[in-house]
Amino acid sequence: MALYRLIYVSQAVSGLEYPDLVEILDKSERNNRKVGITGMLGFGDSMFLQVLEGSRRVVSQTYNRILLDKRHVNAELIDFSEIECRDFGVWSMKVVQLGNQVEVRDLVLKYSSSDTFSPIAMTGKQSLHFLRELTELYQRGAMSNN
Ligand code: FAD
């Protein structure tokens with residue numbers, strides 16, 4: 001079956017706190033595992049950047065459900081493409097919270113005009129490279145677990 005990747009950006013509503021992220025992660029891991037979705041959710045400076053991978057049908061269904069969630073607003077689709085293989089296959093979902101670590105700020109700056117995390121300004125390619133490198137940073141242990 002063809003595989004698809006969807007990347008979008010959205011803005012967290014004010015008052016969203018760490019327990020909300022934990023709840024989103026728990027629910028996402030459980031739901032995504034059932035339908036074969038893998039991906040990653042970056043969160044920083046009140047912005048979400050998420051990648052979802054899976055069949056076209058389940059990626060579309062999941063994205064449509066996510067859009068209804070009142071914990072974020074102003075979602076914008078950055079990329080929806082057919083892919084050969086998964087880049088984030090190790091995780092049914094992983095929330096990575098972007099902190100002020102030098103490595104993270106350097107990575108943000110590499111793909112942005114400043115070191116403020118503003119994924120809305122990224123192209124599809126930039127956001128994908130950013131998420132891939134963020135995954136590597138996380139797996140190397142350069143960031144704390146969330
Ligand atoms: P339930 O958990 O029973 O939820 C029913 C409804 O209540 C949904 O409309 C839900 O949006 C809403 N809801 C639930 N809890 C809260 C809350 N604390 N505050 C406000 N509204 C709430 N889900 C996935 O399955 N996979 C993902 O990858 C994924 N990524 C997400 C990324 C972001 C940035 C956000 C904000 C949410 C994400 N979610 C994801 C959660 C998704 O939006 C739905 O909440 C979830 O999929 C609904 O699961 P459910 O059908 O079991 O319904």
Side-chain angles (χ1 to χ4, degrees), residues 1-101 103-105 107-108 110-112 114-139 142-146:
M1 186 183 282
L3 269 179
Y4 284 78
R5 176 182 60 230
L6 184 152
I7 303 177
Y8 75 89
V9 57
S10 66
Q11 196 179 351
V13 293
S14 67
L16 189 110
E17 292 186 354
Y18 185 68
D20 296 303
L21 291 179
V22 173
E23 195 182 299
I24 289 169
L25 175 63
D26 285 349
K27 178 67 60 163
S28 302
E29 279 183 325
R30 211 170 321 138
N31 286 347
N32 295 355
R33 194 169 300 120
K34 282 188 209 148
V35 295
I37 284 191
T38 51
M40 178 178 170
L41 175 64
F43 177 69
D45 297 320
S46 297
M47 299 299 292
F48 289 111
L49 177 66
Q50 186 172 31
V51 55
L52 301 168
E53 302 167 326
S55 75
R56 188 169 59 206
R57 174 168 298 174
V58 297
V59 168
S60 304
Q61 286 170 343
T62 302
Y63 181 56
N64 287 333
R65 202 170 60 242
I66 291 171
L67 287 181
L68 300 175
D69 199 307
K70 301 251 182 324
R71 291 168 284 192
H72 64 161
V73 291
N74 300 332
E76 262 185 44
L77 191 58
I78 295 184
D79 177 52
F80 185 62
S81 318
E82 197 175 307
I83 54 173
E84 292 292 318
C85 61
R86 297 174 192 257
D87 280 302
F88 304 89
V90 284
W91 294 323
S92 55
M93 189 47 60
K94 184 80 197 168
V95 177
V96 175
Q97 196 165 4
L98 281 71
N100 278 322
Q101 301 95 326
E103 294 89 344
V104 174
R105 290 293 147 191
L107 183 58
V108 170
K110 182 173 174 183
Y111 292 105
S112 320
S114 80
D115 70 355
T116 300
F117 182 53
S118 181
I120 195 96
M122 288 182 185
T123 65
K125 272 190 184 161
Q126 285 171 331
S127 60
L128 177 62
H129 291 314
F130 174 81
L131 288 166
R132 279 184 184 147
E133 289 197 40
L134 190 61
T135 303
E136 285 167 20
L137 261 190
Y138 182 85
Q139 289 180 325
M143 306 173 66
S144 57
N145 283 8
N146 290 301

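We use all heavy atoms of the structure for the numbers below, so side chains are in, but hydrogens, waters and symmetry mates are not. Ligands are counted one by one from 1 in listed order, and the atoms in each one are counted from 1 as well.
- Partners of Glu133 according to the side chain to side chain donor-acceptor pair (under 3.5 Å) rule, which considers only residues two or more places apart in sequence or in another chain, are Lys110, Tyr111.
- Under the 3.5 Å distance criterion, the side-chain polar atoms of Asn32 are matched with a main-chain donor or acceptor of Ser92.
- Taking atom 2 (O) of ligand 1 as the reference point, the nearest protein heavy-atom neighbour is Lys27 NZ, 2.7 Å.
- Annotation: side chain to side chain donor-acceptor pair (under 3.5 Å) contacts of Glu84 (sequence neighbours excluded): none.
- Looking from atom 11 (O) of ligand 1 to the surrounding protein, the closest heavy atom is Asp69 OD2, 3.3 Å.
- An N or O contact shorter than 3.5 Å is missing between His72 and ligand 1 by distance.
- Residue-level proximity to ligand 1 for Leu52 is carried by the side chain, the only part with a heavy atom below 4.0 angstrom.
- Counting heavy atoms only, Ser28 comes closest to atom 27 (C) of ligand 1 of the residues Pro19, Ala12, Ser28, Ser10.
- Put simply, the side chain of Asn64 does not reach to within 4.5 Å of the side chain of Leu68, judged on heavy atoms.
- In this structure, atom 30 (N) of ligand 1 has a protein heavy-atom contact shorter than 4.0 Å.
- Residue Thr62 places no N or O, backbone or side chain, under 3.5 Å from any N or O of ligand 1.
- Looking only at side-chain heavy atoms (C-beta outward), Lys70 and Val13 stay at 4.5 Å or farther from each other.
- Protein non-hydrogen atoms do not reach within 4.0 Å of atom 7 (O) of ligand 1.
- Per-atom contact check: atom 23 (N) of ligand 1 touches the protein, criterion being a heavy-atom distance below 4.0 Å.
- Glu53 and Thr38 are linked by a side-chain donor-acceptor pair at a separation below 3.5 angstrom, with hydrogens and angles left out of the test.
- For atom 36 (C) of ligand 1, the nearest protein heavy atom (residue, atom name, distance) is Ile24 CD1, 3.6 Å.
- In terms of protein heavy atoms, atom 15 (N) of ligand 1 is closest to Glu23 OE2, 3.5 Å.
- Contact between Lys70 and ligand 1 is absent, with no heavy atom of the residue lying under 4.0 Å from the ligand.
- Residue Met93 has at least one heavy-atom neighbour below 4.0 Å for each of these atoms of ligand 1: 28 (O).
- At least one side-chain heavy atom of Phe48 sits less than 4.5 Å from a side-chain heavy atom of Leu21.
- In terms of protein heavy-atom proximity, atom 13 (N) of ligand 1 is nearest to Arg71 NH2, 4.0 Å.
- At a 4.0 Å cut-off, at least one heavy atom of Asn32 sits close enough to ligand 1 to count as contact.
- Taking the six-membered ring where the residue is Trp, Tyr4 and Phe80 present parallel rings, their angle staying beneath 30° rather than reaching 60°.
- Annotation: side chain of Ile7 is in contact with side chain of Leu128 (closest heavy-atom distance under 4.5 Å).
- Residue contacts with ligand 1 for Ile66 involve both N, CA, C or O and side-chain atoms from C-beta outward (heavy atoms, distance under 4.0 Å).
- Closest to atom 48 (C) of ligand 1 among all protein heavy atoms lies Arg65 NE, 3.9 Å.
- With a 4.0 Å heavy-atom cut-off, ligand 1 is reached by no atom of Asp20.
- The pair Asp45-Arg105 meets the salt-bridge criterion, with a side-chain N (NZ, NE, NH1 or NH2) lying under 4.0 Å from an Asp/Glu carboxylate O.
- Shown here, atom 33 (C) of ligand 1 is in close reach of the protein: a heavy atom of it lies under 4.0 Å off.
- Counting only heavy atoms, the protein gets under 4.0 Å from atom 44 (C) of ligand 1.
- For atom 41 (C) of ligand 1, a protein heavy-atom neighbour is found at a distance under 4.0 Å.
- When side chains are defined from C-beta on, Asn31 counts as touching Arg65, because their heavy atoms get closer than 4.5 Å.
- At a 4.0 Å cut-off, at least one heavy atom of Tyr8 sits close enough to ligand 1 to count as contact.
- Counting only heavy atoms from C-beta outward, the side chains of Tyr18 and Gln97 approach each other to under 4.5 Å.
- Considering only heavy atoms from C-beta on, Leu52 comes within 4.5 Å of Ile66 through its side chain.
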